[in-house]
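Below is one structure, written out as structure tokens, with a few remarks after it.
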Amino acid sequence: MSTLQDASPSIPLRPHPGRTPLRVPPPADPPAQGLSDPSDGATPSASDAPEPRPSTAEGYPIGTPYSGPAAPVGRTDRKRAPGRRWAPGTAHRPSSAPRRSRLGGLTVPSLVLAVLLVIALAAYFLPTIIGSPDSAGPQSIPADSQMASEESLTLENSPTPVPGFAAQPAWEAAVPATASVTATGRGVLVVDGNRLSVLDPTTGQPRYETDIETSIGFAVDTEIDGERALLWRTGDSAHALFDGESTTIDYRIPANARMSSAGTNVLVKDGNSLSTFTREGLTEIPTPDPGYTPMALDGTTLISAEFGGAVTLTDIDEVSTSELLLETPADDLEIFRWVTAGHGKIVSLWGEAGATTTSGHRVQLVVHSAEDGRIASTVSTTTDAVGEETWVRGQGYRLAVIGPYLFTIDDGLLVRNGAPDHLRMTEPRGEIVPTTIDNTRYLLRTNTVWRSGADLLAVTDTGGHAVIRQSADRVVGLPAE
């Protein structure tokens with residue numbers, strides 16, 4: 001049961017009754033997105049990338065990756081057979097009744113009943129751990145069951161601006177009060193007028209400076225030719241700053257091209273052509289078969305899907321394609337929306353015939369492995385909670401948020417249902433998730449919600465530093481404790 005226990009009575013919280021289903025409040029509005037879906041008129045997730053958010057109201061827009069087809073589709077016959085169901089064994093009746101023995105006034109049958117009662121109570125009150133890639137059949141939990149998290153939440157006052165990080169900064173950097181500041185785990189981007197400065201998030205020292213003609217519309221940590229890089233876009237150009245380097249590789253981007261960071265590598269779509277970034281420049285890659293929409297590029301594997309529910313994997317180096325059969329959560333369900341793909345996972349919504357993103361149906365939010373099509377986890381929820389929500393990957397690609405749900409990216413498991421505690425979670429920063437409760441800002445870390453007004457911009461990939469905008473004219477880096 002996910003009940004929020006306030007360590008201080010200064011901020012009252014709403015009581016959450018035992019196991020009474022709670023109404024899921026509407027999730028927070030997604031951040032401004034700039035990338036539309038590849039197919040006009042469809043209803044897919046608009047963005048699921050972990051682009052950083054500006055820290056000022058006048059911050060520049062963030063790019064938005066497309067995430068595949070989403071219009072209601074017919075039932076597909078291409079699906080993996082469901083996992084085997086456990087069949088209970090047969091209990092054998094003994095040939096004669098055992099003799100009762102008494103221990104301290106209790107009979108053996110009484111002790112057995114007491115043990116069974118304890119086990120039943122434990123099974124009822126302990127939270128449910130849903131699904132795993134190795135389970136024979138995925139488990140599913142109702143969205144309003146208050147059983148999505150392994151541990152109850154505790155509310156505490158953070159002793160430092162960011163929990164787990166020191167109060168004294170390791171570095172400080174002065175910035176113009178009017179500057180727009182955003183950050184990723186690989187760099188702090190400061191834009192003042194037409195001047196761009198990129199600071200090292202571990203030292204605060206400038207890594208790169210240049211003049212820009214237009215605002216930054218896309219910034220993300222990514223991989224290029226297997227190397228880590230910070231990539232940003234301004235107008236019809238993109239720039240990659242590789243780790244350990246102080247100069248960029250510059251690219252010319254078609255004016256109307258859309259960029260998706262849903263996968264480990266950025267995918268660029270211009271009309272019907274696809275390309276990605278390499279050290280040699282923007283390189284074209286094979287396109288999927290007609291009827292399939294590209295959703296993500298993971299290394300050299302292009303993940304595509306059709307409206308009918310089939311998924312194909314294209315090796316862009318070998319120019320070979322294979323079909324991926326997805327395990328079905330139930331025989332009477334069909335895919336009606338592709339949410340996203342990338343980083344080894346495929347996320348989709350399944351429902352009965354006629355279900356749409358706004359139909360109010362109970363549906364299954366399903367996370368599949370993009371390697372073998374097996375289900376990692378499922379969540380029984382409603383279209384009101386997730387029907388049109390985006391899958392937002394956090395910095396460092398450890399956690400992802402969709403509506404009121406928090407997932408791990410590596411294994412695709414649900415780790416928190418924020419609805420019972422009225423958590424409105426936003427883009428995770430490493431292992432920390434900025435959230436609000438009744439319009440008050442908090443930082444969620446594991447099973448504690450910390451009161452903190454810190455403007456957390458980023459946490460480095462190693463978790464060694466947290467970057468905050470301490471004031472209008474100062475950005476600081478806090479070392480890990």
Side-chain angles (χ1 to χ4, degrees), residues 7 50-55 149-151 153-175 181-190 197-208 219-223 227-230 241-244 343 392-401 406-411 413 415-416 423 425-436 441-471 474-481:
E51 291 86 359
R53 291 180 174 80
S55 63
S149 58
E150 294 188 34
E151 303 289 344
L153 286 176
T154 301
L155 183 64
E156 300 281 355
N157 290 315
S158 180
T160 60
V162 180
F165 294 85
Q168 295 299 319
W171 58 264
E172 301 183 19
V175 298
V181 181
T182 190
T184 74
R186 319 203 84 76
V188 182
L189 293 85
V190 181
S197 299
V198 180
L199 308 180
D200 187 324
T202 62
T203 66
Q205 296 299 313
R207 289 188 60 197
Y208 177 77
V220 67
D221 292 337
T222 188
E223 290 184 8
E227 299 180 67
R228 300 280 187 174
L230 171 63
L241 182 61
F242 288 83
D243 287 1
H343 289 268
V392 181
R393 294 179 179 86
Q395 295 172 356
Y397 303 105
R398 293 180 175 87
L399 299 172
V401 170
L406 179 66
F407 287 81
T408 58
I409 290 180
D410 285 343
D411 51 24
L413 297 183
V415 295
R416 178 69 57 190
L423 302 182
M425 296 176 285
T426 60
E427 178 195 9
R429 274 77 157 146
E431 300 290 344
I432 300 177
V433 185
T435 186
T436 59
R441 292 198 301 182
Y442 297 86
L443 295 175
L444 170 65
R445 185 167 189 171
T446 60
N447 300 313
T448 304
V449 181
W450 299 92
R451 292 188 186 94
S452 174
D455 184 6
L456 180 60
L457 301 178
V459 173
T460 57
D461 286 355
T462 61
H465 291 81
V467 180
I468 67 172
R469 189 164 190 174
Q470 192 174 57
S471 61
R474 188 163 301 276
V475 176
V476 303
L478 304 176
E481 290 182 323

Kindly say whether Ser158 contributes a backbone atom to a donor-acceptor pair with the side chain of Ser452 at under 3.5 angstrom?
no

Starting at OG1 of Thr435, measure out to CE of Met425 and round the result to the nearest 0.5 Å.
6.5 Å

Between the side chain of Arg469 and the main-chain N/O of Val475, is any donor-acceptor distance below 3.5 Å?
no

Which pair of non-hydrogen atoms, one from Val476 and one from Pro169, has the smallest distance, and what is that distance?
CB-CB, 3.9 Å

If we only count heavy atoms from C-beta on, is the Pro163 to Thr448 side-chain gap below 4.5 Å?
no

Give me the atom names and distance for the closest heavy-atom approach of Leu457 to Arg429.
O-NE, 3.6 Å

Close side-chain approach of Ile409 and Arg393, heavy atoms under 4.5 Å
yes

Distance check, rounded to the nearest 0.5 Å: Leu399 atom CG versus Phe407 atom CZ?
11.5 Å

Is there a side chain to side chain contact (heavy atoms under 4.5 Å, CB included) between Val190 and Leu199? Walk through the geometry before answering.
CA-CA 8 Å; Val190 181; Leu199 308 180; 4.2 Å; yes

Any chance you could lay out the side chain to side chain contact (heavy atoms under 4.5 Å, CB included) test for Leu423 and Tyr442, step after step, and finish with the verdict?
CA-CA 9 Å; Leu423 302 182; Tyr442 297 86; over 6 Å; no

How long is the span from the CG atom in Asp200 to the NE2 atom in His465, to the nearest 0.5 Å?
9.0 Å

Gln470 (side chain) donor-acceptor with Asp455 (main chain) under 3.5 angstrom
no

Shortest non-hydrogen pair, Ile468 vs Ala454, comes out as CG2-CB, 4.4 Å

Is a donor on one side and an acceptor on the other found under 3.5 Å between the side chain of Thr408 and the backbone of Leu413?
yes

With no hydrogens and no angle check, is any side-chain donor or acceptor of Arg207 less than 3.5 Å from a backbone partner on Arg186?
yes

Stepwise side chain to side chain contact (heavy atoms under 4.5 Å, CB included) check, Phe165 with Ile432:
CA-CA 11 Å; Phe165 294 85; Ile432 300 177; 3.9 Å; yes

For Asn447 and Arg416, what are the C-alpha separation, side-chain angles and deciding distance, and is it a side chain to side chain contact (heavy atoms under 4.5 Å, CB included)?
CA-CA 9 Å; Asn447 300 313; Arg416 178 69 57 190; 2.7 Å; yes

State the CG-OH distance between Asp410 and Tyr397, to the nearest 0.5 angstrom.
13.0 Å

Heavy-atom donor-acceptor pair, Arg445 side chain to Leu443 backbone, under 3.5 Å
no

Would you say the side-chain atoms of Thr203 pair up with the backbone N or O of Gln205, donor to acceptor, closer than 3.5 Å?
yes

Verify, without hydrogens or angle tests, whether Glu156 (side chain) and Arg451 (backbone) share a donor-acceptor contact under 3.5 angstrom.
no

Would you confirm whether Trp171, through its side chain, and Pro201, through its main-chain N or O, come within 3.5 Å as a donor-acceptor pair?
yes

Closest approach of Val459 to Gly430 (non-hydrogen atoms, all atoms of both residues)
CB-N, 4.4 Å

Calculate, to the nearest 0.5 Å, the distance between atoms CG and CG belonging to Leu189 and Leu230 respectively.
5.5 Å

Correct closest heavy-atom pair for Leu406 and Pro428 would be CD1-CG, 4.4 Å

Residue pair Thr446 / Leu153: nearest heavy atoms and the distance that separates them:
O-CD2, 4.4 Å

Test item: Thr460 side-chain N/O and Gly185 main-chain N/O as donor-acceptor pair under 3.5 Å:
no

Glu431 side, atom CD; Leu444 side, atom CG - distance, nearest 0.5 Å:
10.5 Å

